[in-house]
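The structure appears below as structure tokens.
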Amino acid sequence: QVQLVESGGGLVQAGGSLRLSCAASGLPFSRDAMGWFRQAPGKEREFVAGIYWSGGTTYNSDSVKGRFTISRDNAKNTVDLQMSRLEPEDTAVYYCAAGPLVYKNPSLYDYWGQGTQVTVSS
């Protein structure tokens, strides 16, 4: 059974940092892509960053370039999102997902974690 479990969310002041982690298990090899998404109250789910297990190629949304870094540890089956210089606009529930390709549309992803709350205060 496929499981994706996020951790690391919490409350942080603006300008601070958080590191989110996604632990994956049971993924088929065809699901080579991992993505981080976020959803703020009243807004659509938004692509944040993506990475491939096989080659490690990364993709970042324009809104987080230079502030967030996605990485993976194949030996541990984890994908992390290092977030720095956080702003109140980053407040959202953050989800990790798995699918066949890295793409900004969440509909391409087959498996999702339960989400972890990130709250950034002014």
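Values below: every heavy atom of this structure, side chains too, minus hydrogens, waters and symmetry copies.
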Does the Ser61 side chain pair with the main chain of Val48, one donor and one acceptor, at a distance under 3.5 Å?
-> yes

Would you indicate whether the side-chain heavy atoms of Thr91 and Gln117 approach each other to under 4.5 Å?
-> yes

Can you say whether the rings of Trp112 and Phe37 are parallel (under 30°), tilted (30 to 60°) or perpendicular (over 60°)?
-> tilted

Do the non-hydrogen side-chain atoms of Leu20 and Val118 ever get within less than 4.5 Å of each other?
-> yes

Taking all atoms of both residues into account, what is the closest heavy-atom pair of Ala33 and Pro100, and its distance?
-> CB-C, 4.0 Å

According to a 4.5 Å side-chain heavy-atom criterion applied to Ile, Leu, Val, Met, Phe, Trp and Tyr, with indirect links allowed, do Tyr111 and Trp36 form part of one hydrophobic cluster?
-> yes

Of all heavy-atom pairs between Arg67 and Arg85, which one has the smallest distance, and what is that distance?
-> NH1-O, 3.0 Å

Report yes if some heavy atom in the side chain of Thr58 is under 4.5 Å from a heavy atom in the side chain of Ser71; otherwise report no.
-> no

Taking the side chain as every heavy atom from C-beta outward, state whether Tyr109 and Leu101 have any pair of such atoms under 4.5 Å apart.
-> no

Between atom OG1 of Thr116 and atom CG of Leu81, what is the distance when rounded to the nearest 0.5 Å?
-> 11.0 Å

Could you tell me how the ring of Phe68 sits relative to the ring of Tyr94: parallel (under 30°), tilted (30 to 60°) or perpendicular (over 60°)?
-> tilted

Determine whether Val79 and Trp53 make a side-chain contact, defined as any pair of heavy atoms from C-beta on separated by less than 4.5 Å.
-> yes

Can you name the nearest heavy-atom pair linking Arg19 to Gln82, along with the distance?
-> NH1-OE1, 2.9 Å

Listed by chain and number, what are the salt bridge (charged side-chain N to carboxylate O under 4.0 Å, His left out) partners of Asp62, not counting sequence neighbours?
-> Lys65

So, does Thr78 use its side chain to make a donor-acceptor pair with the main chain of Cys22 at under 3.5 Å?
-> no

From CA spacing to verdict: side chain to side chain contact (heavy atoms under 4.5 Å, CB included), Met83, Val12 | CA-CA 11 Å; Met83 306 184 294; Val12 65; over 6 Å; no

Heavy atoms of Met34 and Ala98 approach each other most closely as SD-CB, 3.5 Å

Can you tell if the side chain of Leu4 reaches within under 4.5 Å of the side chain of Tyr95, non-hydrogen atoms only?
-> no

Sequence neighbours excluded, every pair satisfying side chain to side chain donor-acceptor pair (under 3.5 Å) that has a member inside residues 21-31 | Ser21-Asp80, Arg31-Asp110

Tyr52 with Leu108, same ILVMFWY side-chain cluster at under 4.5 Å = yes

If we only count heavy atoms from C-beta on, is the Glu89 to Ser63 side-chain gap below 4.5 Å?
-> no

Identify the heavy atoms of Ser122 and Ala14 that sit nearest to each other, and give their distance.
-> CA-CB, 4.4 Å

Answer yes or no: is there a donor N or O on one side and an acceptor on the other, between the side chain of Glu6 and the main chain of Gly115, under 3.5 Å?
-> yes

Can you measure from CD1 (Ile70) to SG (Cys96) and round to the nearest 0.5 angstrom?
-> 9.5 Å

Atom CD in Gln3, atom CG in Leu27: separation rounded to 0.5 Å?
-> 10.5 Å

Val102 and Ile51: same hydrophobic cluster, using ILVMFWY side-chain contacts below 4.5 Å?
-> no

Report yes if some heavy atom in the side chain of Val64 is under 4.5 Å from a heavy atom in the side chain of Arg38; otherwise report no.
-> yes

